[in-house]
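Here the structure is a predicted model, which means the values were calculated and not measured. Residue numbers begin at 1 in each chain, while the letters A, B, ... track the order of the sequences.
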Amino acid sequence: MLDLAAIRENPDAIREGARRKRIAFDVDRLLALDEDRRRLIRLQEEARAEQKALGRQVKDLQGDAQQLALTRLKVLKDDVLRHTDALAPVQAEIDALLLACPNPPDPDVPDGDDDKANVEVRRHGEPPTFDFEPLDHVELLRRLDGVDIERAGRLAGSRSYVLKGEAAFLEQAVLRLAMDVIRDRGFTLLTVPVVVKEWALRGTAYFPGAEEQTYKIANPTAEDEDSWLVGTSEVSVTALHAGEILDVKDLPLRYAGWSPCFRREAGTYGKDTRGLYRVHQFNKVEQVVIDVADEQKTLDHHAAIVANAEHMLQLLELPYRVMATASGDIGRAATFKYDLEAWMPSRGAYGETHTASRFRDYQARRMDLRYRDEDGRVRHCYTLNNTVIATPRVLIALLEVHQQKDGSIRIPAALRPHLGGREVLEPKS
RNA sequence: GGAGAGGUGGCCGAGCGGUCGAAGGCGCGCGCUUGGAAAGCGCGUAUGCCCGAAAGGGCAUCGCAGGUUCAAAUCCUGUCCUCUCCGCCA
């Protein structure tokens, strides 16, 4: 969400931002509603001010004078009511528009319609060449006796999986390594709720928009808010301090959330159906930074969380590239987004494993996340986030890149301490 | 799941339906005092919105949402949350 007063002062920036993001947004409608809103507020407040002032006198008045006052007060009551009623739909539409209003992309966001316009920023490592016919991760896992997709499908439907034996330990090792790495980088690990109230999803700007991608937990008794399963712990972690006014001395907050993540993947039928690339439930360690509203600091944080993610991929000895997401692909909320993509031999391509976004105060405004600066001024925080590691998707790259001719998997050195020192996972068949 | 108690400012804690954004205390900030500190004294100390160049003025907010009333922190209803006891349980 953006500051309505700022939109009022510079509507062209919003128009241009929406245009670049290929998101239709009617700024003029919003401005017209804003005029209406302020007019009605003025009328309502004037009536209420008179009502309060006269009301205070009424008990000291006698007889006709009191009757006269009471008559006037009834009129004022109706006036207030009338203006309040008139204001409600105006405010409601403003609120809806503000939630939909796209955050203008930063100038360095590459212009383009979709992910085909994403721009490679840098590349690390070389995709491996094999002197044998490489297998894909599903086949590799089968040989390790490390996966059961058939029974998982029967149990939980498509896009489900069971990791088994050493493969399950491998997943845990990767997650544990990520937690260790991110702790070393000064982040505080949080295990957070994955069942959250709707406002947290609205606050992080997933809603409105991502409802169809999100599992809903209907509440059969209460009328107000259903709960939802988060698609990332970013939601829980970023919303943790919602509604608070933080002390600038406590900033920046560097959190790493670990959680399972749940995504319905509606509308992706037939896409990435094989293997562990696109699944309904996965595990992720996510880094979130909450800091003051300072452009340079947020750029520095962004560089740092990208570096953290790159460090992870390097520890896993995976070739990857960093992509700057095009304006039409970046989404409504972020002002800038990098995708990190690891090489996945079976795809013959890089596949997305990390997304590093910065939002300025877009999320913070939505969830009323603020801080008091050195001068005592209250301002909205700037937020950012990035993956540290997400499994099982990264296992695709890990297994396929490090496979050996006999179907065994070489374990990168950084993982070995979390796998009892093992250097290789041997196939069972 | 059953029974009960409670939700007021950064914290504790008052609050006859009107003059209550809210006593008092603590904490915090500034000043006085002091060789320095403590104590003491004085002043200040919520957020949002509207009008205004500003100074300043106004409106709202006492978990949340409704209702009664000219007027609600105060009365009524619902709801959420917290706590205590019983039961059940990973």
Report summary line: Here the distance between atom P of B/A60 and atom CD of A/Glu45, to the nearest Å, is 8 Å
Query - Spacing between A/Arg38 atom CZ and B/G58 atom P, to the nearest angstrom - result: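 So the two atoms are 21 Å apart, to the nearest Å.
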Please tell me if [X] has a side-chain N or O lying less than 4.0 Å from either OP1 or OP2 of [N].
X	N	answer
A/Arg48	B/G58	no
A/Arg42	B/C51	yes
A/Lys52	B/C70	no

Query raised in the report: Aromatic ring centroids of A/Phe207 and A/Trp228 under 6.0 Å?
Result: yes
Report task. Decide if atom CG of A/Asp64 counts as having more than 12 heavy atoms of other residues, nucleotides or ligands within a radius under 6.0 Å. Result ->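 Result for CG/A/Asp64: open.
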Query - Greater than 12 external heavy atoms within 6.0 Å of A/Arg410's CZ - result: yes
Taking the side chain of [X] as its heavy atoms from C-beta onward, which of [options] lies nearest to it?
X	options	answer
A/Ile41	B/C59, B/C70, B/C50	B/C50
A/Arg56	B/A71, B/G18, B/C50	B/G18
A/Ile245	B/C49, B/C80, B/U47	B/U47

Query raised in the report: Within the structure shown, what part of the strands sits under 4.0 Å from A/Arg372 by heavy-atom distance: base, sugar-phosphate, or nothing?
Result: sugar-phosphate
Query raised in the report: Heavy atoms under 4.0 Å, any strand shown: does A/Leu76 hit a base, just sugar-phosphate, or nothing?
Result: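 If one applies the 4.0 Å heavy-atom cut-off, A/Leu76 turns out to touch nothing in the nucleic acid.
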